[in-house]
Participant: 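I'd like to ask some things about the structure below.
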There are 2 protein chains.
Amino acid sequence: MIRTHAPAGAVRQGSLRELNLALVLGRIAAADRPPSRADLATATGLTRATVSAVVEDLLAGRLVDEADPAPRAGAGRPARGLVLADQGPAGLGLEVNVDYLAVCVVDLAGQVRHRTVHRADLRPVAPADALARLVELAGQARTDAARQGLTLAGAALAVPGLVDDAGLVRLAPNLGWRDVAVPALLAAHPALTEQVPGVPALVVDNEANLAALGELHSRPPGPASFLHISGEVGIGAGIVLDGALFRGVRGWSGEIGHLPVHPQGRPCRCGGRGCLEQYAGQEAIVAAAGLARAELPADTATARLAELAGAGDADALRALQDAGTALGVAVAGVVNLLDLDTVVLGGGYAPLAPWLCPPVLTEITARVLTAAWSPVTVRPSTLGAEAAAVGAAGSVVRHIIARPAGWLARTG
Amino acid sequence: MIRTHAPAGAVRQGSLRELNLALVLGRIAAADRPPSRADLATATGLTRATVSAVVEDLLAGRLVDEADPAPRAGAGRPARGLVLADQGPAGLGLEVNVDYLAVCVVDLAGQVRHRTVHRADLRPVAPADALARLVELAGQARTDAARQGLTLAGAALAVPGLVDDAGLVRLAPNLGWRDVAVPALLAAHPALTEQVPGVPALVVDNEANLAALGELHSRPPGPASFLHISGEVGIGAGIVLDGALFRGVRGWSGEIGHLPVHPQGRPCRCGGRGCLEQYAGQEAIVAAAGLARAELPADTATARLAELAGAGDADALRALQDAGTALGVAVAGVVNLLDLDTVVLGGGYAPLAPWLCPPVLTEITARVLTAAWSPVTVRPSTLGAEAAAVGAAGSVVRHIIARPAGWLARTG
DNA sequence: GCAAATAATTCAATCGCTGAACAAATAGCG
DNA sequence: CGCTATTTGTTCAGCGATTGAATTATTTGC
C-alpha cells in the first residue's frame, strides 16, 4: 500500500533537499526530451546553482545519466541532456492470475526490460506452490536484470482479489484463495530483492489497482484522473484521482462489478441482485454469445469472442452489445459521481473494446449530466495482457522517483 | 476551487518556514486541548527551539493566543496553552438555496460567530437580485464580525448546482439558474471581504461539496473519508477522500442522484431512466407519502413528513422505507466502488434519518462485499439545516490554517 | 528552603538555497 | 580567423531556518 502524500511531518533542513531531489527527478521523468539543467531551473523555479547541486547528487547516485548533447538552434554553449539512468534501480513486477503467472522488470524510465509469462491454470494449485513457481521466475528475472546492469530495488505483486494493508489476500474468489498471507509465504525466499531503505521490499495489491497505475505511468502518460476497468471473470476498477491511485479506507476500492444495473435481476454471489458482473462479466458474455464456457480457458475465450465478432457472428455481436450497455449504465453512474473524463477498458475488455466502446459511450452520453459540456473518452488500455505486472513493477520505480532520497541514502 | 495539495513547485528556504507554520498551526487546530510548545515539539518532531520560533510568528500574526495555564499534575514549570485566536481572521459563508438565503461567520476555531437565515422562495427572484439581498445580509455580518474583533479574510458561496472553475454557475435546476456569472455580479459589491493575499476573495462551489466540508471540519472531526449525501429536490453527494474534498476533473463530482436504481423505471430529467432521484428525491418521497407537493415549501414538507412518520402514519413510513431502500442500493454501489466506511445523511435527509438509515444499512449489508469484515456506519449530519453555509465559511478558515504564511505576510 | 522536574529561550554551528560573478562552449558576422 | 553575443554550467559569499546544547524560568514535593 504505497500512499504518495505530502510530507505530513516535520520539515527539517534536510527535507528541503529531499523535496527538491524529488522535484527535479520528477521533471526529468516527465519530460519528453532530455532536459538541460537550465531547462530544469526554469521549469522548477529553482536557481541553476541549486539544480546543478541536485543533479550532481542524482548523477552520483546513478539515478540519472548525461545524454549526448541534443542539437539546438542558435548560439550558446550546448546543453547536456539529462535522462533517467538505464543502469540504475529497477522494479520487479509479479502477477498471479487465474490462468498465468507473469514476472517483469521495469527500469526507471518505465521500459520493460524483462518479461516472462508462464501459462497454467492456477486454480488447482495451492497458493504456496503458485508463489514458489513465481519466485523461481523472479530469480531468472533477477539474474537477467543484473546482466543488464539493473538492481532490483523492490517488488510488487498483483493478485485478483482483496488485499489488506499487511499483504494478506483476504479473498481472491476466481483463484480460490482465502486469507493467504503472501508476505509470510515469500519470507522463505528472502532474496527476492535487495533491501533498499525507503522502498518497501514487497507490496501486494489488487490486480485492477496495479493495472490502472501501469496505465497512469505509460508513455504517453494517461490523464491525471480516470477510471480503469479490468474485465476478467470479475470486474475490477482502478480509480486514479489527481495522479494517485485511490485505494479507499481499507484498500478495497474498485468493486465496480457489484453496481446494480438491473436491481431486480439475476442474483449475484455478492448477495445482491442484478449486479454488473452478472451482465458484463467474462462468463456472462461468453455464455450470452453461446460459447460453452468450460471448454475454454478464460483468455482464449476472449480471443475467440473477438474473432467471432470480427467475423460478424450475430450472437457474439449481440452479447457484446448487451454487455456494453450494462457496462455503460454502471460507468455512467460512476462518471456522474466522480466527474471523470476518461474511461479505460483494460484486462479482458481491451481486445473487445471495438465492440464495447460504442454502447458504453451511448449510455454515458444519455445519462451523464455534464456530457453535453465536456465529452467523456472511452478507450482501450495501451498496455498488453499483463498490464498488472507491468504496473506493479512500475509502481516500484515510481516510488523511487517520488522519493529519491531513500535510494541515494543507501550504502553503495 | 481550493485544491489542497502538496507544494508542487520549488522548495526554497522560506518554504521551510511556511510548511512548519502550517504544520504547527494544524496541530493546534486539531488538538482537543490547548497544547504547549513542548507538546507541539513532540507531536511534530521539530525541536522546541523551532516550535518557539514558529509560535512566535503565529502569536505576532494574531492567529494564535496563549491560554491560561492548564492545570497539570506533577512538578515543573507550567505550560502555556496555545489556542486558535478568537479575534483573528474569520470566514464568511454564503448560501443561496431554493427557499432561503443564509449567511454566517466562522472563526478560526470553527465556531459559528454570526448566523442569519432569510427565508424566501428564491425561484421567482432574478439571480442578480438574490445576490444583492445576500450582499446586504453579508454587510450586516461584516459589521457584526468587526464588533467581535474578527476580520473577514475571504468568502465562499454555496449554490445548489454545477459550478465551474471560474465561479460560473452552469446550471442550478431547482433554482432556475443557468450560466450565472456570480463573481461578475458580485464585483459590483467589492467590499464583501478585505483582500487578503493567499486567500481567494470569493469561492463559489456546490452546496453538497461545502456541506461535506463542513461535516469534515466539525467538532469532533468527521472521518478522513466519507460520503455526505444532501437530499434536497435533487440529491447531491460530497465526496471526502483522505481528508480532502474530491471535486472531479471539472469540479462536478457528486451527482449521485442519477445512479440507476431501476434501469427500466421512471424517466428522469437527465435523459436516463430509473435514476435514484426519481425514488429518493424530496419530491418523490413527498408524493409517495401522499402529501400534495405544491402546498408546501420544501423544508416544511420534510418537517411534516418527519412529523407524520413519528406519529406512525403508514403512508409516510412506507414512502420513507422505499426511498431508503432506493438510496441504499445506490449507496451500496458507491461504497463498493470507493471502499468508504462512513455515510452521512445531510440536508433534507438529516431529519428523516431515523427512518432512512435502517433500510440504507440493510441494502449496504446485503450488497457490500466487504461489509462482513468491517462495518459501514450510516448516520445523520451533525450540522443543522444551513450546513453548506457553515461549511463554506469553514472552508475559508481551513484555507488559512493550511496556509498561514499568506495571512501572516499581509501588511498589518 | 532546596532538589527535581518540566517549560521555554538563547546561541553558536550547520545545512541548503540564492544571486551574482565567472568560466565554458558554441553560432554568427565581418 | 577573430570578435561578440549568447547560452550553459560552476563557484562562492551571504543568508535564512533548523538543530542541539546550555541556560533561564517556574512549579511541585520533600
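Residue numbers begin at 1 in each chain, while the letters A, B, ... track the order of the sequences.
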Participant: Compare the minimum distances between each of D:dT18, C:dA7, D:dG16 and the side chain of B:N20, then state the nucleotide with the smallest one.
Facilitator: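 Out of D:dT18, C:dA7, D:dG16, the nucleotide with an atom closest to B:N20's side chain is D:dT18.
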Participant: Hey, what do you get for CG (A:L150) to CZ (A:R142), rounding to the nearest 0.5 Å?
Facilitator: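 So the gap between those two atoms works out to 11.5 Å.
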Participant: B:E66 has an atom CD; how far is it from atom C1' of C:dT9, in whole Å?
Facilitator: 13 Å
Participant: Among residues at least two apart in sequence or on other chains, which ones pass side-chain hydrogen bond (donor to acceptor under 3.5 Å, both in side chains) with B:R113?
Facilitator: B:D107, B:Q148
Participant: Would you mind reading off the distance between B:L46 atom CG and C:dC15 atom P, rounded to a whole angstrom?
Facilitator: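 Rounded to whole Å, this separation is 19 Å.
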Participant: Looking at the side chain of A:R17, which of C:dA7, C:dG16, C:dA27 is the nearest nucleotide?
Facilitator: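 The answer is C:dG16.
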Participant: Could you state the atom-to-atom distance from CD of B:E18 to P of D:dT18 in whole Å?
Facilitator: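 Checked: the CD to P distance equals 11 Å.
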Participant: Has A:E56 got more than 12 heavy atoms of other residues, nucleotides or ligands less than 6.0 Å from its CD?
Facilitator: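 For A:E56, atom CD is not crowded (no more than 12 foreign heavy atoms under 6.0 Å).
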Participant: Side chain of A:R77 only, please: which of C:dC17, C:dA24, C:dA8 is the nearest?
Facilitator: C:dA24
Participant: Quick one: which of D:dT19, D:dG9, D:dT6 gets closest to the side chain of A:R12?
Facilitator: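 The nucleotide sitting nearest to the side chain is D:dT19.
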Participant: Whole-Å distance between D:dT10 C1' and A:L59 CG?
Facilitator: 14 Å
Participant: Once rounded to the nearest 0.5 Å, what's the spacing between atom CD1 of B:I28 and atom CG of B:L63?
Facilitator: 9.5 Å
Participant: If you round to the nearest 0.5 Å, how far is CZ of B:R62 from CG of B:L59?
Facilitator: 9.0 Å
Participant: Quick check for you: among C:dC17, C:dC15, D:dG9, whose closest atom lies nearest to any side-chain atom of A:R37?
Facilitator: D:dG9
Participant: State whether A:D205 and A:R247 are salt-bridged, where the test is any N-O pair (Lys NZ or Arg NE/NH1/NH2 against Asp/Glu carboxylate O) under 4.0 Å.
Facilitator: yes
Participant: In residues 48-58 of chain B, which residues come under 4.0 Å of DNA chain D by heavy atom?
Facilitator: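 Going residue by residue through residues 48-58 of chain B, the ones with a heavy atom under 4.0 Å of DNA chain D turn out to be B:A49, B:T50.
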Participant: For B:R37, is there an ion pair with B:E66 - N to carboxylate O distance below 4.0 angstrom?
Facilitator: yes
Participant: Can you measure A:L16 atom CG to C:dT14 atom P for me and round it to whole angstrom units?
Facilitator: 19 Å
Participant: Both A:Q13 and A:S36 contact DNA chain D. Taking the nearest nucleotide for each, which residue is further toward the 5' end?
Facilitator: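 Final value for this comparison: A:S36.
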Participant: Whole angstroms only, please: what is the CG-P distance between A:L40 and D:dT7?
Facilitator: 18 Å
Participant: Measure the distance from CZ on B:R80 to P on C:dT6 and round it to the nearest whole Å.
Facilitator: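 B:R80 atom CZ is separated from C:dT6 atom P by 18 Å.
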